[in-house]
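In what follows, residues are counted from 1 in the order of the sequence shown.
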Amino acid sequence: MAWARIDDGFVDHPKVARIWSRNPGAVGLHARAIAYCAKHLTDGVIPAEAVAFLSPVQSERDEQVEALVQEEAWYRDEASESFVIHDFLDYHPARAEVEARREQERERKRKERAA
């Protein structure tokens with residue numbers, strides 16, 4: 001299981017406060033997207049279909065996404081029709097790092113069982 005990291009200053013961070021003032025639901029979408037990316041090891045990339053799952057009402061979703069993009073919490077990746085969470089990898093380990101750590105843990109357990 002991966003963990004999502006949300007700083008205790010998240011709620012009153014100036015960027016989050018601006019997003020909240022634009023669209024309070026966008027803050028919830030942002031938190032859900034962070035958790036999604038951590039769970040699925042996407043390195044902060046959110047496919048469009050995942051955004052639709054995380055915020056199922058299209059009219060609300062469009063406004064939420066726009067608030068996140070305007071405040072530069074998310075960036076559009078037009079080539080892949082996805083979004084990228086700003087600085088995600090500054091706070092979360094990359095997929096390769098998580099997979100390497102998991103493999104090391106599996107190997108350690110395998111050796112313990114063999115001993």
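Using a 4.5 Å heavy-atom cutoff, the side chains of Leu41 and Arg102 are in contact. Glu107 has its side chain within reach of Arg110: a pair of non-hydrogen atoms, C-beta onward, lies under 4.5 Å apart. Within the 4.5 Å cutoff, the side chain of Trp74 has heavy atoms near those of the Leu29 side chain.
Atom CD1 of Ile34 and atom CG of Leu54 lie 11.5 Å apart (nearest 0.5 Å). For the atom pair CD1 of Ile46 and CZ of Arg32, the computed distance is 12.0 Å after rounding to the nearest 0.5 Å.
In plain terms, the two heavy atoms of Ala26 and Ala67 that are nearest each other are CB-CB, 4.1 Å. Nearest heavy atom pair, residue Gln64 against residue Ser55, reads OE1-OG, 2.6 Å. Closest heavy-atom contact between Pro93 and Val98: CG-CG2, 3.7 Å. Taking each heavy atom of Arg61 and Ala52 in turn, the nearest pair found is NH1-CA, 3.5 Å. Between Cys37 and Val45 the shortest heavy-atom distance is SG-O, 3.6 Å. Closest of all the heavy-atom pairs between Ala94 and Leu89 is CA-CD2, 3.8 Å.
Listed by chain and number, the residues in a salt bridge (charged side-chain N to carboxylate O under 4.0 Å, His left out) with Arg22 are Glu71 (sequence neighbours excluded). Applying the salt bridge (charged side-chain N to carboxylate O under 4.0 Å, His left out) criterion to Arg108, with sequence neighbours excluded, gives Glu105, Glu112. In this structure, the salt bridge (charged side-chain N to carboxylate O under 4.0 Å, His left out) partners of Arg76, at least two apart in sequence or on a different chain, are Glu66.
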Under 3.5 Å, which donor-acceptor pairs do the side chains of residues 5-12 form with other protein atoms, sequence neighbours left out?
from, atom 1, to, atom 2, distance (Å)
Arg5, NH1, Tyr91, O, 3.0
Asp7, OD1, Gly9, N, 2.5

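Between Tyr36 and His40, the two ring planes are tilted [angle within 30° to 60°].
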**Request:** Evaluate side-chain contact (heavy atoms from CB on, under 4.5 Å) for Val69 paired with Phe83, printing each intermediate quantity in order.
**Result:** CA-CA 9 Å; Val69 169; Phe83 298 89; 4.2 Å; yes
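The environment of NZ in Lys39 is sparse: at most 12 heavy-atom neighbours from other residues, nucleotides or ligands sit within 6.0 Å.
For residues 78-99, the set of pairs meeting the salt bridge (Lys or Arg N to Asp or Glu O under 4.0 Å) definition, not counting sequence neighbours, comprises Arg95-Glu99. Residue pairs meeting the salt bridge (Lys or Arg N to Asp or Glu O under 4.0 Å) criterion with at least one member in residues 42-60: none, sequence neighbours excluded.
When hydrophobic clusters are built by joining Ile, Leu, Val, Met, Phe, Trp and Tyr residues whose side-chain heavy atoms come closer than 4.5 Å, directly or via intermediates, Phe53 is grouped together with Leu68.
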